[in-house]
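Side chains are part of it too, since the values below use all heavy atoms of this structure and drop only hydrogens, waters and symmetry mates. Here is how names work: the chains are called A, B, and so on, in the same order as the sequence lines, proteins then strands, and each is numbered from 1.
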There are 2 protein chains.
Amino acid sequence: MDKKSPIQITLTKRDEAVTITQWVYSTLRNAVMNGQILPGRALTIRELAAILDVSPMPVREALRQLAAENALEIQGNRRVMVPKMTAMKFSELCEARITLESHAAARALPYIDKDKRAQLIALDKDIDDAQDKGDLEQITVRNQRFHRCLYTANPHQVTLPLIESLWLQLGPFMKLANSRLKEHYTIDRHNEALEAINKKDALALQMAIASDIREGFAFAGTPELLYNFIEQSGAE
Amino acid sequence: MDKKSPIQITLTKRDEAVTITQWVYSTLRNAVMNGQILPGRALTIRELAAILDVSPMPVREALRQLAAENALEIQGNRRVMVPKMTAMKFSELCEARITLESHAAARALPYIDKDKRAQLIALDKDIDDAQDKGDLEQITVRNQRFHRCLYTANPHQVTLPLIESLWLQLGPFMKLANSRLKEHYTIDRHNEALEAINKKDALALQMAIASDIREGFAFAGTPELLYNFIEQSGAE
DNA sequence: TTTATTTATTTGTGATCACATTTACTGTTA
DNA sequence: TAACAGTAAATGTGATCACAAATAAATAAA
């Protein structure tokens, strides 16, 4: 009954207090972020509904929302799929991240107080723990948590949704990236960022964030890995 | 039967080739962009469906999509509304526009050829025409068209959706801004941008775009106008 | 074996319905 | 007059159904 590849989506317990649509949304979002849905794979409402054991209605709404966030792509008039990646698009997404997140960090800096700094230090420690254990999934999750915590220090911040959209688009690739992470960069620039925060040095903070992002993908910039990924993702 | 203020949405002919949901989406999007829906006004699916003379289903989907683009806000668990504006949020949106659009312009620069430059010049002339006629609505539309044309010169560009999200959030305020536009800035920085394009000077282009955006809102930065707007928009 | 054409199946869209929750209204009490 | 409780109306969520368009499958022709 399955069309191409069998989709394996991680299912979590559905919280009764949350609407089915919301649960479906976050489930599918995680699936995209973890690269569980191959780029180019055609998704149908009914198929996903069957997998998630819900009616087609919540799936419909979740898919439309994910498409609006650029996590999914609506082809022509009908089918929906995870967008394919290209080397150029990857590069653009990476540069967009650097620009937007540097901006968000600088704008958050004036709002960072002692409490917030303590939170950031704790989150950075969590990342180190995950790195020691080699838990690749957790490294990504906690890394995002650190960045999110930093940017949301600014109570009037408006860029986080845009940043998360970029994370979502890079998600399927980050998964691949992480699988090579252990052998390469296990150190991040978070300490550097925290130092800049202490000194209230916006420029230094921006540089630290930019480096953190760039180095996280630096090895992906090697031609052979990029080619690998594009071949896997871009080929029909 | 109407709850608070009667909503007056501009209705356009529905193209038969387009789905009802898409038509509803763009209709509501324009309504938000033109400030036809007051911030804070509670929207209900059935009310909008009645106004647009469609079934609730397409409205449901369109609302969710607009919410995902940050054009609308889902309150608590239920109602949806146009988000209220604050002075700080306005400032953040403006700065985010400058950062993102400068970035998009610089990234587009290498791809601008003779054809594209001709397009930009033509679009800039259209803006001048609209300004001569004093057609405020068209000025906004054509201004966006110019910026969009510039950024999409980059075929791998990924930031336009994010930029459009910012435009949407500023939309209700731009309408108010435009009503004062005639007395203030009728000149833009587009010529400056075109010059920078000719010289392939990325930094100059970024400066021109940043100035164009900033000056477009400069008068809005005057305390009394900002206060006016916030009072109108933020008060329950 | 390959290509074209017809048939069968699947799919997205949109409509309608049921229900639990929320909101609005009404009459009553301090 | 203001605050409250109880009732009535309205609302979002989710399910199911109908249908036209699109895709896949099957058959026929080269």
Do the side-chain N or O atoms of T19(B) get closer than 4.0 angstrom to the phosphate oxygens (OP1, OP2) of dT13(C)? no
Out of the candidates Q169(A), R29(A), H147(A), Q144(A), only one should pair with E164(A) under the side-chain hydrogen bond (donor to acceptor under 3.5 Å, both in side chains) rule; please name it. R29(A)
Classify the side chain of R64(A) versus the base of dG12(C) as yes if they form a donor-acceptor pair under 3.5 Å and no if they do not. no
Counting the atoms with a prime plus P, OP1 and OP2 as sugar-phosphate, which does L43(A) contact under 4.0 Å by heavy atoms, base, sugar-phosphate, or nothing? sugar-phosphate
How many whole angstroms separate atom CD of E16(B) from atom P of dT13(C)? 17 Å
Between C1' of dA15(C) and CD1 of I20(B), the distance in whole Å: 10 Å
note: M81(B), atom CE; dT23(C), atom P; distance rounded to Å ~ 13 Å
Counting side-chain heavy atoms from CB outward, which of dG12(D), dT13(D), dG14(C) is closest to R79(B)? dG12(D)
Going by atom types only, do T10(B) and Q36(B) share a side-chain donor-acceptor pair under 3.5 Å? yes
Rounded to the nearest angstrom, tell me the gap between atom CD in Q75(A) and atom C1' in dA22(D). 13 Å
Tell me the interatomic distance from R60(A), atom CZ, to dA15(D), atom C1', rounded to whole angstroms. 11 Å
Opposite nucleotide pairing with dT16(C), Watson-Crick or G-U, both atom distances under 3.5 Å: dA15(D)
Residue among L28(A), L66(A), I7(A), V59(A) satisfying side-chain contact (heavy atoms from CB on, under 4.5 Å) with L43(A): I7(A)
Reckon T21(A) has a side-chain N or O less than 4.0 Å from the OP1 or OP2 of dG14(D)? yes
Expressed in angstrom and rounded to an integer, what is the separation of Q65(A) atom CD from dT13(D) atom P? 11 Å
Rounded distance in Å - CD (E47(A)) to C1' (dT11(C)): 12 Å
Please report, rounded to the nearest Å, how far the P atom of dA15(C) is from the CD1 atom of I45(B). 13 Å
Donor-acceptor pair under 3.5 Å, R46(B) side chain vs dG12(D) base: yes
Would you indicate whether the side-chain heavy atoms of L162(B) and L100(B) approach each other to under 4.5 Å? yes
Starting the side chain at C-beta, find the nucleotide from dT11(C), dT13(D), dT16(C) nearest to S55(B). dT16(C)
Considering only NZ, NE, NH1 and NH2 on the basic side and carboxylate oxygens on the acidic side, decide whether E69(B) and R64(B) come within less than 4.0 Å. no
